[in-house]
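What follows is one structure encoded as structure tokens, with my remarks underneath.
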Amino acid sequence: MQQTFQGLHLYQIFREMVLPTMNSYTRSARDIIGSSPLIAIKNEAPPKLIVDPPLPEPLAQGRVFIQYRTENLRVLPVFGKGALEVSPRIGHIHITVNDLPWHFVDASGETIILVGLEPGVHKVLIELADPTHKVITSETVEFTLPDPKKSS
């Protein structure tokens with residue numbers, strides 16, 4: 001025997017009111033992207049740099065596309081001693097190709113693109129730096145750029 005509540009079967013109530021809320025949980029923005037960048041973080045975890053190998057398709061065409069991401073640090077074009085007090089932490093990257101005595105700075109947070117390298121073995125040092133250019137951590141990517149004359 002089915003029980004009714006003012007003409008509705010309990011199963012109908014469950015199906016129409018309870019079941020939809022059980023299966024439709026939407027993750028919040030905080031669940032996906034973490035804390036708001038507008039609120040200071042106490043005891044911030046150390047920054048991390050995660051670097052992928054060059055993307056194979058562009059590499060086969062003589063172009064180097066290196067994707068990276070950071071954790072516990074936002075890559076932004078803000079520099080100087082005063083920026084050390086910003087929370088959540090900010091910084092940028094230094095990029096050195098083939099142990100050259102100079103590097104370039106990138107604060108876009110976008111894929112690193114290198115063109116014009118000769119075929120052969122190459123090394124790219126990617127350093128995560130604070131707003132005063134002090135290096136926090138680094139990763140090195142080694143790869144071989146194919147010779148287009150030999151692959152034809």
Where do [X] and [Y] come nearest, in terms of heavy atoms and distance?
X: Val51; Y: Glu139; result: CG2-CB, 3.7 Å
X: Pro47; Y: Ile136; result: CG-CG2, 3.8 Å
X: Val64; Y: Leu117; result: CG2-CD1, 4.1 Å
X: Pro146; Y: Pro119; result: O-CB, 3.7 Å
X: Leu73; Y: Gly91; result: CD2-N, 3.7 Å
X: Ser138; Y: Glu127; result: CB-CG, 3.8 Å

Pairwise side-chain contact, [X] with [Y], heavy-atom cut-off 4.5 Å (strictly under):
X: Leu128; Y: Thr70; answer: yes
X: His122; Y: Val124; answer: no
X: Glu57; Y: Phe65; answer: no
X: Pro131; Y: Leu84; answer: yes
X: His103; Y: Val105; answer: yes
X: Leu76; Y: Val86; answer: no

Grouping I, L, V, M, F, W and Y whenever their side-chain heavy atoms are under 4.5 Å apart, do [X] and [Y] come out in a common cluster?
X: Val141; Y: Phe104; answer: yes
X: Ile66; Y: Val115; answer: no
X: Leu145; Y: Val97; answer: yes
X: Val75; Y: Leu114; answer: yes
X: Ile126; Y: Ile90; answer: no

Any donor-acceptor pair under 3.5 Å linking the side chain of [X] with the backbone of [Y]?
X: Asn72; Y: Pro46; answer: yes
X: Glu44; Y: Ser87; answer: no
X: Asp52; Y: Tyr68; answer: no
X: Arg63; Y: Ile113; answer: no

Looking at CD1 of Ile112 and CD1 of Ile93, how far apart are the two atoms once the value is rounded to the nearest 0.5 Å?
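That separation rounds to 3.5 Å.
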Hey, what's the ring geometry for His133 with His94, parallel, tilted or perpendicular (30° and 60° as the breaks)?
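Parallel: the ring planes of His133 and His94 meet at under 30°.
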